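Let me begin by presenting the structure, written as structure tokens, before commenting on it.
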Amino acid sequence: MAFPELHIYNSLSRKKEVFTPLNPPFAGLYVCGPTVYGDAHLGHARPAVTFDLVFRFLKHLGFKVRYVRNITDVGHLENDADEGEDKIAKKARLEQLEPMEVVQYYTDRYHQDMDRLNVLKPSIEPRASGHIIEQIEMVKTILDAGFAYVVNGSVYFDVTSYHEKYHYGKLSGRSLEDMMAGSRELDGQQEKKHPADFALWKKALPGHIMRWPSPWGEGFPGWHLECSAMSAKYLGQSFDIHGGGMDLLFPHHECEIAQSNAAFGHDAVKYWMHNNMITINGQKMGKSLGNFITLREFFDGSHKALTGAYQAMTIRFFILQAHYRSTLDFSNEALEAAGKGLRRLLHAMDTLKNLEGSDTPTVDVSGLPQLCRNAMLDDFNSPVAIAHLFDAVKTINAVNDGKERISKSDLEILRNCFDTFVTDIFGLTGKDDQAGDNATGVISGLMEIILELRRQARQNKDWETSDKLRDALQKLNILVKDGKDGASWEMTN
RNA sequence: GGUCUCGUGGCCGAGUGGCUAGGCAGAGGUCUGCAAAACCUCGUACAGCGGUUCGAUUCCGCUCGAGACCUCCA
């Protein structure tokens with residue numbers, strides 16, 4: 001089977017490259033998932049949606065994709081005054097919970113958020129805590145290869161000796177000398193031979209709750225090891241695409257590269273993809289800055305910076321309307337704009353269902369699928385593909401108004417194109433995700449009754465009753481839309 | 001300080017050496033009992049200053065400004 005030329009921007013080469021899978025028709029994709037010690041915020045939605053798009057599009061192209069996205073439940077070290085305390089462990093102690101209880105709680109909530117964003121589940125979602133053995137094995141291999149050393153029950157990666165044979169810093173474009181200058185006093189710094197050395201295995205202090213036995217004593221795996229170990233386990237020692245946020249490029253991914261080379265003797269990853277950050281007031285939204293808004297707060301509008309609640313689909317569309325390598329600035333205005341645009345797009349899809357073909361067409365839309373496809377083949381350029389779809393929206397409306405005519409075959413092409421791109425690839429749906437299926441059914445039943453009563457009132461020119469119903473419904477965020485063929489309604493939060 | 005991005009019309013955001021995306025807002029219009037919704041029409045913007053070029057928003061240099069990474073971060 002031949003695949004069309006997909007161009008992917010590779011962070012390693014800093015340019016777009018033609019995607020050539022290692023083992024067609026298979027494609028391996030690994031993405032750094034969340035550390036589950038808090039609710040996911042808008043920033044977490046970016047890689048989730050971005051690589052969901054990659055996942056969906058690769059499948060659309062005919063690849064058999066294995067998508068691995070990990071859950072980090074061992075926690076990374078805190079580098080503040082807490083002397084190397086594990087994030088998960090810290091949260092656990094504060095809340096008087098078992099560490100795994102915290103992990104379970106936030107993992108479940110993460111899944112709920114992802115479901116609402118219509119992010120497909122990855123093929124495998126491995127947990128770091130479930131792969132301690134694999135990580136220990138990898139540390140052993142790196143030690144045997146001579147690229148690590150043991151100090152005091154901890155194992156450190158020896159960047160200096162690694163750099164003699166390989167190139168440490170090739171992903172981030174840093175030199176060892178620079179890192180020397182920029183280093184600062186951290187826990188364990190005295191134990192390291194070089195400031196850039198990083199922990200593969202860390203000895204657990206007495207108060208540390210999360211700990212596992214190892215050849216070097218009780219401890220826990222280093223910050224970067226889990227991704228190397230788990231990607232190798234599920235995708236092999238060489239695989240196609242590794243993704244994650246730009247902020248992980250250094251040191252996390254740089255260290256992953258070093259670990260893989262040290263352990264396997266070659267690079268593991270062919271294409272590195274990095275999504276850019278979401279900003280708020282021009283600044284990165286992030287945990288450390290405390291300027292984040294959780295997805296749940298968006299869904300229910302409870303954060304004080306929000307002027308209202310936003311549907312999950314609005315957030316998804318907002319993200320897709322920007323290219324994944326650009327920063328995306330959040331504001332209420334921008335989100336509202338996205339929501340309205342999305343509604344227009346979905347509304348046109350409805351209209352499309354009812355159009356009829358003509359034998360004397362005045363428009364030609366047969367090129368649309370190729371335009372959308374080409375945009376996506378060019379480094380997943382969803383905003384351009386969406387722009388093409390909006391051009392088609394204009395045509396759809398014109399046909400609907402009787403101003404233009406479309407051929408039956410073009411109509412079929414249009415329907416397929418919207419189904420394929422809007423629904424399958426962009427994962428945008430019009431279904432209301434706020435209420436459960438049961439409640440939704442009841443609501444639409446009630447609305448039918450109410451609108452029928454209102455229709456009767458209007459027939460009798462009883463405008464007072466008609467307007468009263470309309471206004472009352474509006475207060476419940478239900479918008480009544482009077483059209484030529486009667487009224488319809490919509491939830492507007 | 002080091003490494004690196006970016007600066008597009010009121011807002012969000014694509015893209016390109018010449019043919020000047022798209023969405024939202026705004027203005028006008030169609031429809032409507034009114035309104036809303038829906039639909040149609042309308043905007044030559046690319047930080048500043050130089051340079052290369054027949055021609056630059058797009059290439060180069062400088063200035064100014066913003067941001068990311070260098071420490072956990074998506």
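Chain A is the first sequence line, chain B the second, and so forth, proteins listed ahead of strands; every chain is numbered from 1. What you are looking at is a predicted structure, and each value in this text was computed from that prediction instead of being measured.
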Q: Could you say whether A/Pro34 or A/Asp467 is positioned toward the 5' end of RNA chain B, judged by the nucleotide with the nearest heavy atom to each?
A: A/Asp467
Q: Taking only Lys NZ, Arg NE, NH1 and NH2, and the carboxylate oxygens of Asp or Glu, determine whether A/Asp350 and A/Lys353 approach each other closer than 4.0 Å.
A: yes
(Q) Give me the distance, rounded to whole Å, that separates B/A25 from B/G65 when you measure between the P atoms they each carry. (A) 35 Å
For nucleotides 36-40 of chain B, print each protein N/O atom paired with a nucleotide N/O atom at under 3.5 Å, atom names and distance only.
| from | atom 1 | to | atom 2 | distance (Å) |
| --- | --- | --- | --- | --- |
| B/A36 | N1 | A/Asp482 | N | 3.3 |
| B/A36 | N1 | A/Asp482 | O | 2.9 |
| B/C39 | O2' | A/Asp401 | OD2 | 2.6 |

Q | Distance-only side-chain donor-acceptor flag, A/Asp329 / A/Thr327, under 3.5 Å | A | no
(Q) Can you confirm whether the side chains of A/Glu125 and A/Thr107 place a donor and an acceptor under 3.5 Å from each other? (A) no
(Q) Within the 4.0 Å heavy-atom criterion, would you say A/Met277 contacts the bases, only the backbone, or no part of the nucleic acid? (A) base
Q | Cation over ring face, A/Arg174 and A/Phe250, 6.0 Å, 45° | A | yes
**Q.** Value in whole Å for how far the P atom of B/G22 lies from CZ of A/Phe426
**A.** 16 Å
Q) With rounding to whole Å, what would you report as the distance between B/G9 and B/A45 at their P atoms? A) 11 Å
Q. Atom CZ of A/Phe51 and atom C1' of B/A74: how far apart are they, to the nearest Å?
A. 10 Å
Q | Nearest-angstrom distance from the residue atom CG of A/Asn276 to C1' of B/C4 | A | 12 Å
(Q) Taking the P atom in each of B/C11 and B/G7, what is the distance between them to the nearest angstrom? (A) 15 Å
**Q.** Spacing between A/Phe380 atom CZ and B/G13 atom C1', to the nearest angstrom
**A.** 20 Å
Q) Between A/Gln112 and A/Asp108, do the side chains contain an N or O donor and an N or O acceptor separated by less than 3.5 Å? A) no
Q.
What is the separation between atom CZ on A/Phe250 and atom C1' on B/U71, rounded to the nearest whole Å?
A. 10 Å
Q. Among B/A35, B/C70, B/A21, which is the nearest nucleotide to the side chain of A/Ala387?
A. B/A21
Q) Taking the same atom, C1', in B/U41 and in B/A47, what whole-Å distance lies between them? A) 32 Å
(Q) Taking the P atom in each of B/A68 and B/G13, what is the distance between them to the nearest angstrom? (A) 15 Å
Q) Contacts to RNA chain B from residues 451-464 of chain A, heavy-atom cutoff under 4.0 Å, which residues? A) A/Arg458, A/Trp463
Q: Measure up the A/Phe317 and A/Phe390 rings against each other and bin them: parallel (under 30°), tilted (30 to 60°), perpendicular (over 60°).
A: perpendicular
(Q) For the residue pair A/His131 / A/Tyr234, report whether a side-chain donor-acceptor contact shorter than 3.5 Å exists. (A) yes
Q) Does A/Ser231 reach the main-chain N or O of A/Ser228 with its side chain, forming a donor-acceptor pair under 3.5 Å? A) yes
Q. Who are the side-chain contact (heavy atoms from CB on, under 4.5 Å) partners of A/Thr50, not counting sequence neighbours?
A. A/Arg46, A/Asn275, A/Tyr324
Q. Hey, are A/Ser366 and A/Asp410 close enough side-chain-wise for a donor-acceptor pair under 3.5 Å?
A. no
Q.
Can you measure A/Leu171 atom CG to B/U5 atom P for me and round it to whole angstrom units?
A. 13 Å
Q.
Is the ring pair A/Phe380/A/Phe57 parallel, tilted or perpendicular, if the boundaries are 30 and 60 degrees?
A. perpendicular
Q. Nearest of B/C12, B/G23, B/A74 to any side-chain atom of A/Phe390?
A. B/G23
Q: Indicate yes or no: does A/Asp52 engage A/Arg56 in a salt bridge with an N to O separation below 4.0 Å.
A: yes
**Q.** Watson-Crick or G-U pairs under 3.5 Å in RNA chain B, rendered as dot-bracket with [ ] for crossing pairs and | for another strand
**A.** (((((((..(((.....[...))).(((((.......)))))....(((((..]....))))))))))))....
**Q.** Nearest-angstrom distance from the residue atom CZ of A/Phe317 to C1' of B/C24
**A.** 11 Å
Q) In whole Å, what is the span from the CG atom of A/Leu345 to the P atom of B/C24? A) 10 Å
Q | Within residues 328-338 of chain A: residues closer than 4.0 Å to RNA chain B (heavy atoms) | A | A/Leu328, A/Asp329, A/Glu333, A/Ala334, A/Ala337
Q) Under a 4.5 Å cut-off applied to non-hydrogen side-chain atoms, are A/Phe418 and A/Leu368 in contact? A) yes
Q.
Hydrogens and angles aside, do A/Glu226 and A/Thr72 bring a side-chain donor and acceptor to less than 3.5 Å of each other?
A. yes
(Q) Using atom P in both nucleotides, what's the gap between B/C60 and B/A27 to the nearest angstrom? (A) 42 Å
Q) Can A/Arg470 and A/Asp467 be counted as an ion pair, charged N to O under 4.0 angstrom? A) yes
Q.
Suppose you measure atom P in B/G10 against the same atom in B/C6; what distance do you get, rounded to whole Å?
A. 23 Å
Q) Any side-chain donor paired with an acceptor under 3.5 Å for A/Thr351 and A/Asn400? A) no
Q. Which part of the nucleic acid, if any, lies within contact of A/His274, taking any heavy atom under 4.0 Å across all strands shown: a base, the sugar-phosphate backbone alone, or nothing?
A. nothing
Q) C1' atom, B/A14 versus B/C49: distance in rounded Å? A) 27 Å
Please tabulate, one pair per line, each protein N/O and nucleotide N/O from nucleotides 14-17 of chain B that are separated by under 3.5 Å, including the distance.
| from | atom 1 | to | atom 2 | distance (Å) |
| --- | --- | --- | --- | --- |
| B/A14 | OP1 | A/His323 | N | 2.6 |
| B/A14 | OP1 | A/Ser326 | OG | 2.9 |
| B/G15 | OP1 | A/Asn381 | ND2 | 3.0 |

Q. If you look at every strand shown and take non-hydrogen atoms under 4.0 Å, does A/Leu248 touch a base, only sugar-phosphate, or nothing?
A. sugar-phosphate
Q) Strictly by modelled atom types, are A/His274 and A/Ser11 linked by a side-chain donor-acceptor pair under 3.5 Å? A) yes
Q) At under 4.0 Å between heavy atoms, what does A/Asn400 touch on the DNA or RNA strands: base, sugar-phosphate, or nothing? A) nothing
Q: Check whether the side chains of A/Asp73 and A/Tyr106 place a donor and an acceptor atom closer than 3.5 Å, and report yes or no.
A: no
